[in-house]
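Quick notes on the structure that follows.
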Number of protein chains: 2
Amino acid sequence: MTTFGARGYNKGPLTEIADQVGMTHAGVLHHFGSKDQLLLEVLRYRDESDVKDLEGQHIPGGVDLFRHLVRTALLNARRAGLVQAYVVLSAESVTEGHPARDWFVERYRTLRREVGEAFRAVCAERGIDEPATVDRAAASILAVMDGLQVQWLLDPEQVDLAESSAFAIEAIVAQVLDPREAL
Amino acid sequence: MTTFGARGYNKGPLTEIADQVGMTHAGVLHHFGSKDQLLLEVLRYRDESDVKDLEGQHIPGGVDLFRHLVRTALLNARRAGLVQAYVVLSAESVTEGHPARDWFVERYRTLRREVGEAFRAVCAERGIDEPATVDRAAASILAVMDGLQVQWLLDPEQVDLAESSAFAIEAIVAQVLDPREAL
DNA sequence: CTTAACTTACTACGCTGTAAGTAACATTGT
DNA sequence: ACAATGTTACTTACAGCGTAGTAAGTTAAG
């Protein structure tokens, strides 16, 4: 994660990764078979340990999911390395034949579904019949979080990741629950 | 742009670029000196020709800038290659020692400033005293456009770039002009 | 006569993946 | 109890490719 995050998958050599665990690059290949496979295992492992972190604690739904996303943005501002890994790898994954492409496609589908469901729950709770904008809003919330991360990594002095994320999420949620035309 | 977009800067070889213009890779280096320099020239050239496109036409300000951004998202849905180049290169640029890093830092600063000014113009026009959220909103609008592009490139069937962008921009503008708390 | 626009040929490096060897440990048969 | 036989976790060494950059030569135009 450290190497792929700092230098990207393509430019992140196995030798650097091997050094970090006190091994030669051939040793790493002994365990993972190929560099592609290592990347997928790293991503899978992150997912697993994220789930473990939430064990016992309920995975929030409804309005709590949005609060959770805001807290995540706040947390992310303290772990640039991990954020950078996701930013770099997700963008790289859109290129031809990238080994993590399918993983990111699936990941975004899952996240959009979860955020979409949270929207539907909130709408139901407040007696709003489900607006057509739910799917767009779900994608937008994930998008704004990702996009802010890029700007923040490039220019941390100028961009406040947590504040901007919170602002944008609030804006989008408000627009779903009670749409207005400003333009 | 085609090669760097499709394969990224790191994995985009000079030979492929040279082939596209019917030349050897040494011919390309004759003109640009190094691969780094070529990338910077490509980016500079894109900027220049964007300015040329707008020549005569006024660069929109105030509320028209937001409409222009929505139209841009619509236009972008028809040019995946260019979009992919920006997505891949901007994310790659956050890595250590990337040749385009400074360029992207500067680019986002400029864009945030322009969007921020548009916000201030609209606020002045409508007699709203400038809210503290302008800067966050400016970053958020750029962020949501970028982030949606990633999701759209990965899964064009599932994500409607134009609609989602329009929705999110509207949401953010509305929240600046007339803030509400939804959470 | 010079300069520009190349090409060919080469160097040199970085990288992934493979093959063969080694040391430690586990398992099994007697 | 102990040898024989894997098996695991590596290392060293190397093959082999892709690639950026360089140097020298070629052709055409000014």
Side-chain angles (χ1 to χ4, degrees), chain A residues 1-46 48-49 81 84-104, chain B residues 1-46 48-49 81 84-104:
Chain A
M1 208 74 180
T2 305
T3 291
F4 289 155
R7 324 224 317 178
Y9 173 75
N10 287 316
K11 223 195 170 184
L14 281 175
T15 51
E16 187 178 307
I17 292 162
D19 281 355
Q20 287 170 25
V21 290
M23 208 184 268
T24 63
H25 88 276
V28 174
L29 285 173
H30 169 70
H31 289 289
F32 293 96
S34 74
K35 194 188 176 191
D36 282 18
Q37 201 52 42
L38 170 61
L39 173 60
L40 296 179
E41 291 293 331
V42 169
L43 294 172
R44 208 176 57 82
Y45 178 78
R46 275 289 328 161
E48 249 175 38
S49 49
Q84 184 162 322
Y86 271 96
V87 164
V88 172
L89 292 175
S90 63
E92 207 176 37
S93 79
V94 311
T95 59
E96 288 168 10
H98 194 283
R101 177 162 188 149
D102 290 349
W103 190 87
F104 276 105
Chain B
M1 208 75 179
T2 304
T3 291
F4 289 155
R7 325 225 317 180
Y9 172 76
N10 287 317
K11 223 195 168 182
L14 281 176
T15 50
E16 187 178 307
I17 292 161
D19 280 355
Q20 286 171 27
V21 292
M23 208 185 266
T24 64
H25 89 277
V28 173
L29 286 171
H30 169 71
H31 289 289
F32 292 97
S34 74
K35 195 188 174 190
D36 282 17
Q37 201 51 42
L38 169 61
L39 174 60
L40 296 178
E41 292 293 330
V42 168
L43 294 172
R44 208 176 55 81
Y45 177 79
R46 275 290 326 162
E48 248 176 40
S49 49
Q84 183 161 322
Y86 271 97
V87 163
V88 173
L89 292 175
S90 62
E92 207 177 38
S93 79
V94 312
T95 58
E96 289 166 8
H98 195 282
R101 177 163 188 145
D102 289 349
W103 189 87
F104 277 106

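Letters A, B, ... are given to chains in the order of the sequence lines, protein chains preceding strands, and every chain is numbered from 1.
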Is atom NZ of B/Lys11 surrounded by more than 12 heavy atoms (other residues, nucleotides or ligands) closer than 6.0 Å?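 No, because the 6.0 Å sphere around NZ of B/Lys11 holds 12 heavy atoms or fewer from other groups.
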Evaluate the side chain to side chain contact (heavy atoms under 4.5 Å, CB included) criterion for residues A/Val21 and A/Ile17: first the C-alpha distance (whole Å), next the side-chain angles of each, then the deciding distance (0.1 Å), finally the verdict. CA-CA 7 Å; A/Val21 290; A/Ile17 292 162; 5.6 Å; no
Does the gap between the ring centers of B/His98 and B/Phe104 come in under 6.0 Å?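 B/His98 vs B/Phe104: aromatic centres not under 6.0 Å.
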Rounded to whole angstroms, how far apart are [atom1] on [X] and [atom2] on [N]?
X: A/Leu29; N: D/dG16; atom1: CG; atom2: C1'; value: 15 Å
X: B/Leu38; N: D/dG21; atom1: CG; atom2: C1'; value: 14 Å
X: A/Met23; N: D/dT8; atom1: CE; atom2: P; value: 16 Å
X: B/Tyr9; N: D/dA20; atom1: OH; atom2: P; value: 8 Å
X: B/Ile17; N: D/dG18; atom1: CD1; atom2: C1'; value: 14 Å
X: B/Phe32; N: D/dA20; atom1: CZ; atom2: P; value: 15 Å

Considering only heavy atoms of chain A and a distance under 4.0 Å, specify the first and last nucleotide of DNA chain C in 5' to 3' order that meet this criterion.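 First and last nucleotides in contact are C/dC15 to C/dT18.
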Specify the residue among B/Ala26 and A/Leu14 whose closest nucleotide of DNA chain C lies further upstream toward the 5′ end.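 Looking at the nearest nucleotide for each, B/Ala26 comes out on the 5' side.
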Quick check for you: among D/dT11, D/dA9, D/dA20, whose closest atom lies nearest to any side-chain atom of A/His30?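 Nearest to the side-chain atoms of A/His30, counting from C-beta on, is D/dA9.
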Which atom pair, heavy atoms only, marks the closest approach of A/Ala100 to A/Leu39?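 Heavy atoms of A/Ala100 and A/Leu39 come nearest at CB-CD2, 3.8 Å.
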Short question: side chain of B/Tyr9, backbone of B/Asp36 - any donor-acceptor pair under 3.5 Å?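 Between the backbone of B/Asp36 and the side chain of B/Tyr9 there is a qualifying donor-acceptor contact (under 3.5 Å).
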For the pair A/Gln37 (side chain) and A/Phe32 (backbone), establish whether a donor and an acceptor sit closer than 3.5 Å, ignoring hydrogens and angles.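 Judged by distance alone, no pair lies under 3.5 Å.
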Touch check for A/His25, heavy atoms < 4.0 angstrom, all strands: base, sugar-phosphate only, or nothing?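 Touches a base.
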